[in-house]
Amino acid sequence: MPGTELFGSEERKEINDVLETGILFRYNHDEPRKGIWKARDFEAEVKKITGAKYAHAVSSGSTAVATALAASGVGAGDEVIVPPFTYIATVEAVLFAGAIPVFAEIDETLCLSAAGIKNAITPKTKAVCLVHMCGGMADMDGIMEVIKEHNLTLVEDAGQAFAASYKGTSTGLFGTAGCYSFDFFKIATAGEGGVFVTNDEAVYKLADSYSDHGHDHVGSNRGMEQHPVLGFNYRISELHAAVGVAQTRKVPQIKAANLKLKKVLTDILAQTEGVSFAKLADPAGDSGTFLNLMLPDTETAKRTVDELNKAGVGGFNYWYTNMYHFVNQWDHIKNLKSAAKLTVHLLGSSQDYTKLELPKSQEVVGRLISFGIRCTWTEEEAAALAHKIAAAVKTAVQIEA
Ligand SMILES: *Cc1c(COP(=O)(O)O)cnc(C)c1O
């Protein structure tokens, strides 16, 4: 979680600006706020890094996904293709929008593949909620072909891929709308926060209203504003936005450090028998937050995890069994256990979630071990870690032989 490693005086200064005026609300109060607009500044910083025409900060990455779906016109009864490997918020957002998730296959990019999407399309498919996983990016050329051919709406959950790009375009800007998370574990944090992005003014205006009870934010009297649509409270506070401003300004520095350290790690591990890496659809667009190792098969990956644990090497995720990011751990979704009735309970799904068959995704995630890269490591520390990983893999491969 690189952003949190660099929390310091810059963050405290931005927060203090807000504490000086006491205006914790992002709208109105023009006089007493004395020109302090942290949510707007946060959005400006995100636009600078992504090149998005419009950015709108909200309370979390999860509410940013919900806003992106709503502003893209995805709602009750719409089938939405989702990956089985993502932070669960993606699937929750689809379900709570009243839409019906349909799980499709990922590939070695760790993201939905064009073929996976194509195979999951039914006459009811309205949209794809594509997730750019583990700091990397999906293979967009092929995916955009399928999206266009089938006239689908593309929404991008780039929750873990802020500052990643594909052939020069930032993740989040290929479809109708996209979003990033700034929770405590991401490349930059607001404490809690998310940012919605789009290049379409009408979509932006919908998102702006939807995430604040429908307010149109025209004029200076909030009580007398117009409400073009129904909305809800997904607002970010000025305190959180203040942290987001300082953190987002550090992203170029974090990314450069991560990429340098990742090269140290990969140069050593590329020499290790049995190690390969997740596919980066555009290596130049990597955000560098994760080193994603691919072992030859699931059994070798499991043995490698055992060896890493024995050697006391931490800081990695084995998503296949140990994390909340893969369908194997989502029994509540498979059984549609919810606090209250959802649209999917009324309409059903074309997929039986208890009998999902996603062999490619099982194979890919079974082989994957991800290390979070810490931007404060020295190159010596990164090299030492790489040698420990190599030793663990070597033992795991030998046990099999
Ligand atoms: C972190 C994350 C989210 C959720 O973001 P929060 O800010 O924690 O609500 C959504 N999607 C993906 C892919 C994520 O990694």
Side-chain angles (χ1 to χ4, degrees), residues 1-4 39 42 46 50 55-70 72 74 80-97 99 101 103-104 106 109-112 127-138 154-164 170-172 174-175 177-197 207 211 232-237 239-241 243-244 247-248 251 278 287-290 292 317 319 323-327 329-330 333 361 365 368 370 372-373:
M1 41 173 155
T4 57
F42 183 23
V46 168
T50 59
H56 187 67
V58 291
S59 54
S60 70
S62 303
T63 57
V65 184
T67 302
L69 289 168
S72 304
V74 177
V80 181
I81 292 174
V82 297
F85 179 48
T86 177
Y87 185 63
I88 194 110
T90 318
V91 187
E92 291 167 337
V94 169
L95 285 168
F96 293 140
F103 294 91
I106 63 163
T109 61
L110 313 181
C111 307
L112 287 172
V128 175
C129 192
L130 179 68
V131 184
H132 301 281
M133 278 302 277
C134 301
M137 74 301 293
L154 176 64
V155 176
E156 290 167 84
D157 178 351
Q160 350 192 320
F162 180 60
S170 275
T171 58
F174 288 87
C179 53
Y180 314 107
S181 165
F182 289 79
D183 77 17
F184 196 65
F185 307 97
K186 302 304 203 288
I187 188 167
T189 185
E192 297 282 2
V195 176
F196 162 97
V197 286
S211 57
F232 206 48
N233 178 5
Y234 291 158
R235 290 187 308 262
I236 191 166
S237 83
L239 286 174
H240 290 93
V243 181
Q247 284 269 302
T248 306
V251 164
S287 72
T289 49
F290 281 98
N292 297 302
N317 296 320
W319 317 96
M323 291 292 286
Y324 190 36
H325 291 62
F326 190 49
V327 67
Q329 279 76 251
W330 297 343
I333 283 188
S361 305
V365 179
L368 174 67
S370 302
I373 295 174

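From a predicted model like this one, the values you see are computed outputs, not experimental measurements. Just follow the structure's listing: the first ligand is 1, and inside any ligand the first atom is 1. Heads up: numbering here begins at 1 and tracks the sequence.
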Relative to the heavy atoms of [X], which atoms of ligand 1 are at a distance of less than 4.0 Å?
X	value
Tyr87	2 (C), 3 (C), 4 (C), 12 (C), 14 (C), 15 (O)
Gly61	5 (O), 6 (P), 7 (O), 9 (O)
Gly193	7 (O)
Ala89	4 (C), 10 (C)
Lys186	1 (C), 2 (C), 14 (C), 15 (O)
Thr86	13 (C)
Asp157	10 (C), 11 (N), 12 (C), 13 (C)
Val131	13 (C)

Checking [Y] against [X]: is there a side-chain donor and acceptor pair closer than 3.5 Å?
X	Y	answer
Glu156	His132	yes
His325	Thr86	no
Ser370	Asn317	no

Nearest non-hydrogen protein atom, atom 8 (O) of ligand 1: Asp183 OD2, 2.6 Å
Closest approach of any protein heavy atom to atom 5 (O) of ligand 1, naming residue and atom: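 Here the closest protein heavy atom is Ser181 OG, 3.1 Å.
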Val80 side chain reached by Val128 side chain, heavy atoms, under 4.5 Å: no
Just wondering, do Cys111 and Met137 contact through their side chains at under 4.5 Å, heavy atoms?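 Not touching, per the 4.5 Å side-chain cut-off.
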Any nitrogen or oxygen of Ser62, main chain or side chain, under 3.5 Å from a nitrogen or oxygen of ligand 1?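 The answer is yes, given that Ser62 and ligand 1 share an N or O pair closer than 3.5 Å.
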Backbone of Ala161 reached by a side-chain donor or acceptor of Ser287 within 3.5 Å: no
For Phe85, which of Tyr324, Trp319, Phe103 qualifies under ring pair (Phe, Tyr, Trp, His ring centres under 6.0 Å)? Trp319
Sub-6.0 Å ring centroid separation between Tyr180 and Phe196: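 No.
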